[in-house]
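Position 1 is the first residue of the sequence, and the numbers go up from there. As the structure is a prediction and not an experimental result, all values here were calculated from the model. Atoms considered below: every heavy atom in the structure, side chains included; atoms not considered: hydrogens, waters and symmetry mates.
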Amino acid sequence: MPTTTSVSEEELRTLLAERSGLPADSLWVPVHLAPRTFGTSWPLSGTRAEEVLSGLLDGLRRVLPPPLHDDEDGHGRRYVYLSEITGRYERCDTRRILDRIHAAGVTPARQDFDGEDYDPRSERGWGARPSAVADRGGTPSWTWWRAVREAGPRPFYQMPDPYVGEGALPVDRALDLREGTGNDAAYREALRAAVREDPRQIDCWAHLGSDAFTRAETDDSALSEALGFYQTAVAVAELSLPPAFSGVLAWSELNNRPFHRALHGLGLTWWQLGEPEKAAAVFGNSLWTNPDDNQGIRYLIKQVRAGVPWHQHTGE
């Protein structure tokens, strides 16, 4: 934008819509209040308009606070919420999606297996001294497992049904479409249509993230798309977790798998983006909530915590 350009309120709203991907009519309030918020007046100079746009975009992406009470923060091992890992969402609409779900009513996760606890010292666990010898999956790390054992028994939880609505699952319809036509664009649009209709479709968000992550092999810009999709999937799922959540979400419970897939994808994406600390926090959540580790994250977390770059991990 040329620094000599004069920018009106309507023009700024149009620019914000273009950069955020949100409808212009949904941005009336933040743009109208911009003079008060940023201490300026209409019209804006080109330089000032850029500063205001940056501030407005940051506001749209600001994360919701974690569901913690003052006396819960920092006490005991628990799930680390997305807003404790990052200060902003990649997508400008994620916060609005969460507000929309809140307004409609959140279905909470509930205790599963008739109130049974996960006991890491039972036969189900990995044992006191699990083997660190390399196997087909690689060389596992077990530092995280010591924390799980020390925590003792924890309750199993089940996420609410991630497949909203009747009839064929939206994610299955999208997959069938891609398989039948070979049309990746139609596949993506089917998933996007599903989350537009009901943003609680966690598995659709996760599949959009997976598709973008794959496209990033040849298109670097797709990696930010993957980050936005995976963040949204995780943020939507977190709405159903109790405050200061410390339970177990077993992979054997099908309702929990979309959340675990989204966590896995988010960790991989942050790792590839050069954010190993964030990736390690996400992988830590995966292992804490699913100690059976059906996704093989025990083979990744040591490298991430050590700051091993993605390209060294993949051998590229």
Side-chain angles (χ1 to χ4, degrees), residues 77-82 107-127 130-131 135-149 151-164 169 171-172 175 200-210 213 229-242 245-271 279-302 304:
R77 182 72 168 85
R78 60 170 175 78
Y79 178 90
V80 181
Y81 293 88
L82 184 61
T107 304
R110 59 181 177 81
Q111 289 198 28
D112 201 6
F113 299 108
D114 296 322
E116 178 186 349
D117 284 346
Y118 171 84
D119 187 351
R121 298 178 184 272
S122 68
E123 293 181 358
R124 178 178 191 131
W126 292 99
S131 174
D135 55 31
R136 288 182 299 176
T139 303
S141 171
W142 297 105
T143 304
W144 62 274
W145 174 243
R146 289 196 289 272
V148 171
R149 278 179 61 84
R154 292 182 289 138
F156 283 110
Y157 276 81
Q158 178 189 97
M159 295 295 287
D161 187 350
Y163 306 111
V164 182
L169 304 181
V171 70
D172 287 345
L175 289 167
R200 294 173 296 171
Q201 304 276 3
I202 298 169
D203 218 11
C204 289
W205 287 114
H207 276 75
L208 282 165
S210 178
F213 188 85
F229 290 136
Y230 281 133
Q231 282 183 339
T232 304
V234 170
V236 170
E238 286 181 349
L239 293 177
S240 295
L241 297 181
F245 179 64
S246 62
V248 172
L249 297 164
W251 179 265
S252 57
E253 174 51 62
L254 297 182
N255 282 7
N256 296 339
R257 292 187 183 183
F259 186 22
H260 286 306
R261 284 194 282 267
L263 287 171
H264 186 209
L266 179 57
L268 292 176
T269 302
W270 257 327
W271 190 3
V282 174
F283 286 156
N285 278 337
S286 294
L287 292 168
W288 176 252
T289 56
N290 180 36
D292 290 345
D293 187 27
N294 307 81
Q295 296 167 292
I297 293 169
R298 63 190 179 277
Y299 300 109
L300 306 176
I301 194 164
K302 183 177 181 180
V304 173

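- Side-chain contact between Trp270 and Gln231 is present, with at least one heavy-atom pair separated by less than 4.5 Å.
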Enumerate donor-acceptor pairs with a distance under 3.5 Å from any side-chain N or O in residues 280-287 to protein atoms, sequence neighbours excluded.
| unit_1 | atom_1 | unit_2 | atom_2 | d |
| --- | --- | --- | --- | --- |
| Asn285 | OD1 | Val80 | N | 2.8 |
| Asn285 | ND2 | Val80 | O | 2.7 |
| Ser286 | OG | Val282 | O | 3.4 |

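- Residues Glu253 and Gln158 come closest through the heavy atom pair OE1-NE2, 2.8 Å.
- Looking only at side-chain heavy atoms (C-beta outward), Lys302 and Thr143 stay at 4.5 Å or farther from each other.
- Annotation: the span from Leu266 atom CG to Tyr230 atom OH amounts to 9.0 Å, rounded to 0.5 Å.
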Candidate pair Asp203 and Tyr163, rule side chain to side chain contact (heavy atoms under 4.5 Å, CB included), full reasoning: CA-CA 8 Å; Asp203 218 11; Tyr163 306 111; 2.8 Å; yes
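- Two rings, from Tyr157 and Phe245, have their centers less than 6.0 Å apart.
- Between Glu238 atom CD and Tyr79 atom OH the span is 3.5 Å, to the nearest 0.5 Å.
- Formation of a donor-acceptor pair under 3.5 Å by the Trp251 side chain with backbone atoms of Asp293 is not found in this model.
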Evaluation steps, side chain to side chain contact (heavy atoms under 4.5 Å, CB included), between Ile301 and Trp144: CA-CA 9 Å; Ile301 194 164; Trp144 62 274; 4.3 Å; yes
Verdict with reasoning, Tyr299 to Asp135, per side chain to side chain donor-acceptor pair (under 3.5 Å): CA-CA 10 Å; Tyr299 300 109; Asp135 55 31; 2.9 Å; yes
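- Contact annotation: the side chain of Leu300 approaches that of Trp271 to within less than 4.5 Å [non-hydrogen atoms, C-beta and beyond].
- Looking at Leu241 and Met159, their side chains come closer than 4.5 Å, going by heavy atoms from C-beta outward.
- One distance of note links CG of Asp112 with CG of Asn256; it measures 7.0 Å at 0.5 Å rounding.
- Looking at Arg78, its side chain never comes within 3.5 Å of a backbone N or O of Ser246 through a donor-acceptor pair.
- Atom CZ of Phe229 and atom OG of Ser210 lie 11.5 Å apart (nearest 0.5 Å).
- Pro130 and Trp126 get closest at one heavy-atom pair: CB-O, 3.7 Å.
- Here the side chains of Pro108 and Ser240 are not in contact, with every heavy-atom distance at 4.5 Å or above.
- Inter-residue side-chain proximity for Pro291 and Arg298 is flagged as unmet; no heavy-atom pair is nearer than 4.5 Å.
- If you run side-chain contact (heavy atoms from CB on, under 4.5 Å) between Val171 and each of Pro258, Pro162, Cys204, only Cys204 comes through.
- Figure legend: Arg77 and Trp288 shown as a cation-pi pair, the cationic atom lying under 6.0 angstrom from the six-membered ring centre and within 45 degrees of its axis.
- Listed here is the closest heavy atom pair of Ala279 and Val304: CB-CG1, 3.7 Å.
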Criterion side chain to side chain contact (heavy atoms under 4.5 Å, CB included) on Asp161 and Arg200, from CA distance to verdict: CA-CA 9 Å; Asp161 187 350; Arg200 294 173 296 171; over 6 Å; no
Evaluation steps, side chain to side chain contact (heavy atoms under 4.5 Å, CB included), between Phe156 and Gln111: CA-CA 6 Å; Phe156 283 110; Gln111 289 198 28; over 6 Å; no
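- With rounding to the nearest 0.5 Å, the separation of OG1 in Thr107 from CG in Leu239 is 10.5 Å.
- Here the side chains of Trp205 and Val234 are not in contact, with every heavy-atom distance at 4.5 Å or above.
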Sequence neighbours left out, cut at 3.5 Å: what donor-acceptor pairs do the side chains of residues 115-123 make with other protein atoms?
| unit_1 | atom_1 | unit_2 | atom_2 | d |
| --- | --- | --- | --- | --- |
| Asp119 | OD1 | Arg121 | N | 3.0 |
| Ser122 | OG | Asp119 | O | 2.7 |
| Ser122 | OG | Arg124 | N | 3.2 |

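- Remark: side-chain polar atoms of His207 are not paired, donor with acceptor, to backbone N or O of Ile202 under 3.5 angstrom.
- For the atom pair Phe259 CZ and Thr289 OG1, the distance stands at 6.5 Å (nearest 0.5 Å).
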